[in-house]
Each structure stands twice: as C-alpha cells, then as structure tokens.
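Here's the structure, in structure tokens; my notes come after.
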Amino acid sequence: MNPTTSPRVVVLDREQRELLRLLATGLPDTAIARRMSLAPRTLARRISSLYQTLQADNRFQAGAAAERLGLLAGARADGRADSVAV
C-alpha cells in the first residue's frame, strides 16, 4: 500500500464471502453456481461485482486479496458483514 493513500474499507456480506471462498478453492463456475443455487449469468454478474469490490482482474488476484486480508479464514458464523481495510 502506498503510504500517502489511506486504506479503503471493503464490506463483504456472507454471500460474497462464500463466493470468494469457492472461487479461491478453484471450483469451476458451473460447480459454484450449483452450490450457491444461482443461474450461470447471475453468478457471472456476482463474480464481476466481487472483482470490482476487491479491485481484482481475475480469480487469482481475488483469491490473493482474500488471503492477504484474512477473508478466507474465520468467516463470521452470525452472517454479519465484515469490514476490512485495503
């Protein structure tokens, strides 16, 4: 992070964290769509939105951001959104 810029806060809800976790496991879109009970186009839109939120261009970058920010370990059991600074 550039010391002259302040971190931004990213809020991911339970569904976004689950999507990120599934992406990071390397599952194909069809398997993720089935697990999340989503149509393929809906899943594609949600993945695109998640990439935008994380400022990622692909699964690798999204997974790396998730790991770096600790989003993959210890998802909240209460389903509340997590806020993280990036």
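Quick note: residue numbers are just sequence positions, from 1.
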* To do: Can you see which heavy atom on A62 is nearest to which on A56, and at what distance?
  => N-CB, 3.6 Å
* To do: Taking the side chain as every heavy atom from C-beta outward, state whether R46 and L50 have any pair of such atoms under 4.5 Å apart.
  => no
* Does Q16 use its side chain to pair, donor to acceptor, with the backbone of D13 at less than 3.5 Å? -> yes
* **Atom of Y51, atom of L23 and distance for their closest heavy-atom approach** => CE2-CD1, 4.3 Å
* Grab the two heavy atoms, one from G63 and one from A24, that are nearest each other, plus how far apart they are. => CA-CB, 4.5 Å
* Going by heavy atoms in the side chains, are R14 and E18 under 4.5 Å from each other? -> no
Atom pairs and distances, side-chain donor-acceptor, residues 30-40, under 3.5 Å, sequence neighbours left out:
none

* Asked: Should L43 and L19 be marked as a side-chain contact (heavy atoms from CB on, under 4.5 Å) after you check the CA-CA gap, both sets of side-chain angles, and the distance that decides it?
  -> CA-CA 9 Å; L43 176 66; L19 174 56; 3.7 Å; yes
* Can you check whether R45's main-chain N or O pairs, donor with acceptor, with S49's side chain at less than 3.5 Å? -> no
